[in-house]
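All values below come from the heavy atoms of this structure, side chains included, with hydrogens, waters and symmetry mates left out. Predicted, not measured: the structure shown is a model, and the values here were computed from it. Positions are given from 1 along the sequence.
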Amino acid sequence: MKKLLALALFSCASLSAQVDKKLVGTWEFVKTDLAQTEKAGLHPSYTIKDFTLELSSSGALRTTELHRSITGTWTLSDTGNTLEAELETGRLLTLSIRDLTSDQLTVQYRNGIQLLKRTSAVDPAITSNPLPKTVVTTNQQVTGRWKATAITMADGTKVPASDMPDIRFGFQADGALEAVSQGQSVAGNWRLGARSSTLLASLNGETIVFYVLSASDGAMTLREGPKGMTLALSRLP
C-alpha cells in the first residue's frame, strides 16, 4: 500500500506544436563545454559518455544513451530556443538551445552546456510505441481541486475501492500544483503540453507527462506515460 501511495503522489507549463527543419537529422554528443558551463553557473551532476539525438520532421524523437533507446515526440517553443520531448517513459526531456549551425548544436542538458555534432541530415525513420487515444483540454477545464476515485496500475490491476487512498490534486490557475495523499503534501507546478492533450506535472525535481484520456467539467482521466498508471479524477466543490 505504501508503494501505491508513493506512485500516486510522487509520479503525479505553453509551447506550439512545431518542429524546425534545421534540427531534423541525427546528432551525436561531442563534449561538455566546461568553460561555458562554468560561465553559466551550472554544476554538472552527471558525466555524459555516449548520447545520440534523432529528430524526425514528423515530430518523432529517439534518444540513445549507453545503448538504451527511448522514443517520444518533440516540439519547439515559439522562440525556437527550447526543445521539449514527451518520452515514452512518461517523463519530459527539456533541451535549452544555446546555438545552432548546420553541423553543430549547443544545448543545456543534464545541468551542463553540451556540444553535439550532426552526423546525418537525413530525416530519420523512427518507429515509436503507439500512444494512447487522448482528448484536447484547456487550462480552464483543468484548473481546480480534484479527488482520485479510481486507480488502475500499469499491469491493468484495479485498486479495490476498499483500498483507495485519499488522493487529491489542486491545479491552480497560476500554474501552481499541490498533491496531497493521506495528509502528505507535495508542491510543484503544472501546465498543458504543446498539443493540449497532455498534462505536465513537475513534482520533486522531475516533470511527469500525463496523457489526458478524457476530460469534462466534472471528471478527468489521466495516464502516466503511454503505458503507466491511470487515475480517474472527480472535481471537488
Nearest heavy atoms of G90 and P226, plus distance in Å:
N-CD, 4.3 Å
Which value, rounded to the nearest 0.5 Å, describes the distance between L203 atom CG and E178 atom CD?
10.5 Å
Is there a side-chain contact (heavy atoms from CB on, under 4.5 Å) between L95 and L53 once you walk through the steps?
CA-CA 11 Å; L95 300 178; L53 177 67; 3.9 Å; yes
N/O donor-acceptor pairs under 3.5 Å from side chains in residues 146-153, not counting sequence neighbours:
residue: W146; atom: NE1; partner: V142; partner atom: O; Å: 2.8
residue: K147; atom: NZ; partner: D166; partner atom: OD1; Å: 2.8
residue: T149; atom: OG1; partner: A232; partner atom: O; Å: 3.2

Quick one: closest heavy-atom pair of A215 and T137, and the distance?
CB-OG1, 4.0 Å
Given side chains that start at C-beta, do those of R91 and T207 come closer than 4.5 Å, heavy atoms only?
no
Backbone of I97 reached by a side-chain donor or acceptor of N81 within 3.5 Å:
no
Going by side chain to side chain donor-acceptor pair (under 3.5 Å), name the residues that satisfy it together with T32, two or more places apart in sequence or in a different chain.
Q114
Looking at S181 and I167, what are the two nearest heavy atoms and their distance?
OG-CG1, 3.8 Å
Just wondering, do L93 and Y109 contact through their side chains at under 4.5 Å, heavy atoms?
yes
Consider side chain to side chain donor-acceptor pair (under 3.5 Å). Of T134, T198, T230, which one does R223 pass it with?
T230
Tell me every residue that passes side chain to side chain donor-acceptor pair (under 3.5 Å) with T157, counting only those two or more places apart in sequence or in another chain.
D155
Could you walk me through whether I126 and T71 pass side-chain contact (heavy atoms from CB on, under 4.5 Å), step by step?
CA-CA 8 Å; I126 300 174; T71 59; 4.1 Å; yes
Would a 4.5 Å heavy-atom cut-off, applied to side chains only, mark Q104 and K117 as touching?
no
Do L233 and L222 have side chains that get closer than 4.5 Å, going by heavy atoms?
yes
Can you tell me how far OG1 of T106 sits from CG of L115, rounded to the nearest 0.5 angstrom?
4.5 Å
Yes or no on side-chain contact (heavy atoms from CB on, under 4.5 Å) for V107 and L116, after CA distance, side-chain angles and deciding distance?
CA-CA 8 Å; V107 298; L116 290 82; 3.8 Å; yes
Is a side-chain donor or acceptor of T37 paired with a backbone partner of I113 at a separation under 3.5 angstrom?
yes
Hydrophobic cluster identity match, V136 and M220, side-chain contacts under 4.5 Å:
no
Any chain of hydrophobic side-chain contacts (each under 4.5 Å) joining V30 to L105?
no
Look at atom CD of E38 and say whether more than 12 heavy atoms of other residues, nucleotides or ligands are closer to it than 6.0 Å.
no
Assess the side chains of T82 and S96: does a donor N or O sit below 3.5 Å from an acceptor N or O?
no
In chain order, what residues pass the ring-ring contact (aromatic ring centres under 6.0 Å, His included) check against F29, with sequence neighbours excluded?
none
Does some side-chain heavy atom of T63 sit less than 4.5 Å from a side-chain heavy atom of F51?
yes
Do the side-chain N and O atoms of E84 and S77 include a donor-acceptor pair separated by under 3.5 angstrom?
no
Taking S56's backbone N and O only, do any of them form a donor-acceptor pair with W74's side chain (distance below 3.5 Å, no angle check)?
yes
Hydrophobic cluster membership, V186 vs L231, 4.5 Å side-chain cutoff
yes
Can a side-chain donor-acceptor contact be found between T64 and S69 if the only test is distance below 3.5 angstrom?
yes
Which other residues belong to the hydrophobic cluster containing L34, where Ile, Leu, Val, Met, Phe, Trp and Tyr are joined when side-chain heavy atoms lie under 4.5 Å apart, directly or via other members?
none
Calculate, to the nearest 0.5 Å, the distance between atoms CD and CG belonging to Q36 and D99 respectively.
10.0 Å
Scan residues 53-76 for pairs that pass salt bridge (Lys or Arg N to Asp or Glu O under 4.0 Å), counting only residues two or more places apart or in two chains.
E54-R62, E65-R110
Find out if a path of hydrophobic residues (ILVMFWY) with successive side-chain heavy-atom gaps under 4.5 Å connects L42 to L83.
no
Short question: side chain of D123, backbone of S57 - any donor-acceptor pair under 3.5 Å?
yes
If I compare all heavy atoms of A201 with all of F210, which pair ends up nearest, and what's the gap?
CB-CE1, 4.0 Å
Would Q172 and L177 satisfy side-chain contact (heavy atoms from CB on, under 4.5 Å), going step by step from the backbone distance to the final call?
CA-CA 6 Å; Q172 303 299 322; L177 167 63; over 6 Å; no
What is the minimum heavy-atom distance between G112 and P44, and which atoms define it?
CA-CG, 4.2 Å
Kindly compute the distance separating NZ (K133) from OG (S214), expressed to the nearest 0.5 Å.
11.5 Å
Heavy-atom closest pair, residues Q108 and R98
OE1-NH2, 3.2 Å
Enter the distance from L76:CG to K22:NZ here, rounded to the nearest 0.5 Å.
9.0 Å
Could you tell me whether the side chain of L199 reaches within less than 4.5 Å of the side chain of W190, counting heavy atoms only?
yes
Does a side-chain heavy-atom distance below 4.5 Å link Q141 with D217?
yes
Nearest 0.5 Å please: distance from the CG atom of L200 over to the CG atom of N189.
9.5 Å
In the structure I gave you, are the side-chain heavy atoms of L100 and L23 within less than 4.5 Å of one another anywhere?
yes
Test of understanding: clusters of I, L, V, M, F, W, Y form through side-chain heavy atoms closer than 4.5 Å, transitively. Do V122 and W27 belong to the same one?
no
